[in-house]
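Below is one structure, written out as structure tokens; the observations come after it.
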There are 2 protein chains.
Amino acid sequence: MKNRIRIERAILNITQADLADRVQVSRQTINAIEAGKYSPTLALGMKIAQQFEKTVNEVFELEEGD
Amino acid sequence: MKNRIRIERAILNITQADLADRVQVSRQTINAIEAGKYSPTLALGMKIAQQFEKTVNEVFELEEGD
DNA sequence: AACTAATGTAAAATATAGTTTACATTTTAT
DNA sequence: ATAAAATGTAAACTATATTTTACATTAGTT
């Protein structure tokens, strides 16, 4: 699962901890998702995209093996 | 988490088992997600939307408490 | 009415997402 | 160069998604 979280965060100028607060998860969860370590739940993926005012498909992309 | 899976399945005229096969999960998983019993992983949500040639946001919608 | 396909559901087990605490490393600001 | 903020990471734990097996109910056929 690829994603543009780092870029979108940079645009909003917010930290991983800020984003974590906004979508109500731990900072480590954002860090892991941003690093592509695992696929979040759909609900979380949607909340993250929502923060960036983007669609899920604009923020996340499936890759081989997902 | 609300979704339009039943409707989109009807348009494609495929069963829950068909969809399950296509996205490589069990039929019960599709049944539970379609019934809104839980939020799938983002990867699965994206695969399901992909089958319908729709975006995730067109197929799934966040609701209070998600 | 009988038969079959499709759907609903449940319990136990496994896999994976997400938390918490804690510390190390890197980046940014002073 | 130093301090502070941000990020990376790890282990143990909890929560939840998904599987498997199995059976009950509903819808559609013949």
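Just so you know, these numbers come straight off a predicted model, no measurement behind them. In the text below, chain A, chain B and the rest are named by the order of the sequence lines, each starting its count at 1.
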Can you tell me how far [atom2] of [N] sits from [atom1] of [X], to the nearest Å?
X     : N     : atom1 : atom2 : result
A:L19 : D:dT7 : CG    : C1'   : 14 Å
B:E34 : C:dT9 : CD    : C1'   : 14 Å
A:D21 : D:dT7 : CG    : P     : 13 Å

Calculate, to the nearest 0.5 Å, the distance between atoms [atom1] and [atom2] belonging to [X] and [Y] respectively.
X     : Y     : atom1 : atom2 : answer
A:T15 : A:D21 : OG1   : CG    : 8.0 Å
A:Q50 : B:N57 : CD    : CG    : 9.0 Å
B:Q28 : B:K37 : CD    : NZ    : 10.5 Å
B:T55 : B:M46 : OG1   : CE    : 9.5 Å
B:I11 : B:K54 : CD1   : NZ    : 5.0 Å
B:E53 : B:E8  : CD    : CD    : 10.0 Å

Considering non-hydrogen atoms only, spot the tightest contact between [X] and [Y] and give its length.
X     : Y     : answer
A:I33 : A:P40 : CD1-CB, 3.5 Å
B:L12 : B:Q51 : CD1-O, 3.6 Å
B:S39 : A:A43 : OG-N, 3.2 Å

Task: Residues touching DNA chain C, which here means a heavy atom under 4.0 Å, drawn from residues 51-66 of chain A - done: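 Nucleic-acid contacts, sorted: none.
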Return the residues of residues 5-18 of chain B meeting this criterion: a heavy atom under 4.0 Å from some atom of DNA chain C. Order them by number, or give none.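 DNA chain C contact set from residues 5-18 of chain B: B:R6, B:R9, B:T15, B:Q16.
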Practice problem: Would you please name every residue forming a side-chain contact (heavy atoms from CB on, under 4.5 Å) with A:R9, sequence neighbours left out? | Solution: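 A:R9: side-chain contact (heavy atoms from CB on, under 4.5 Å) contacts with A:I5, A:R6, A:I14, A:Q16, A:L19, A:E34, A:F52.
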Bend angle of the helix from C:dT4-D:dA27 to C:dT30-D:dA1, from helix axes over five pairs at each end, nearest 10°: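 It comes to 60° between the two terminal axes.
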N or O in side chain of B:N31 less than 4.0 angstrom from C:dT7 OP1/OP2
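Checking B:N31 against C:dT7: no side-chain N or O falls below 4.0 Å of OP1 or OP2.
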Do the side chains of A:L44 and B:L42 get nearer than 4.5 Å, heavy atoms only?
->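 No. Closest side-chain heavy atoms not under 4.5 Å.
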Per-nucleotide protein contact along nucleotides 12-26 of chain D, 5' to 3', at a 4.0 Å heavy-atom cut-off (B base, S sugar-phosphate only, - neither), is -----SBBBBB----
Using residues 59-66 of chain A as the side-chain source, report each donor-acceptor pair under 3.5 Å to any protein atom, sequence neighbours left out, with the distance given to one decimal.
| unit_1 | atom_1 | unit_2 | atom_2 | d |
| --- | --- | --- | --- | --- |
| A:E63 | OE2 | A:M1 | N | 3.0 |
| A:D66 | OD1 | A:M1 | N | 3.1 |
| A:D66 | OD2 | A:M1 | N | 2.6 |
| A:D66 | OD2 | A:E63 | N | 2.9 |

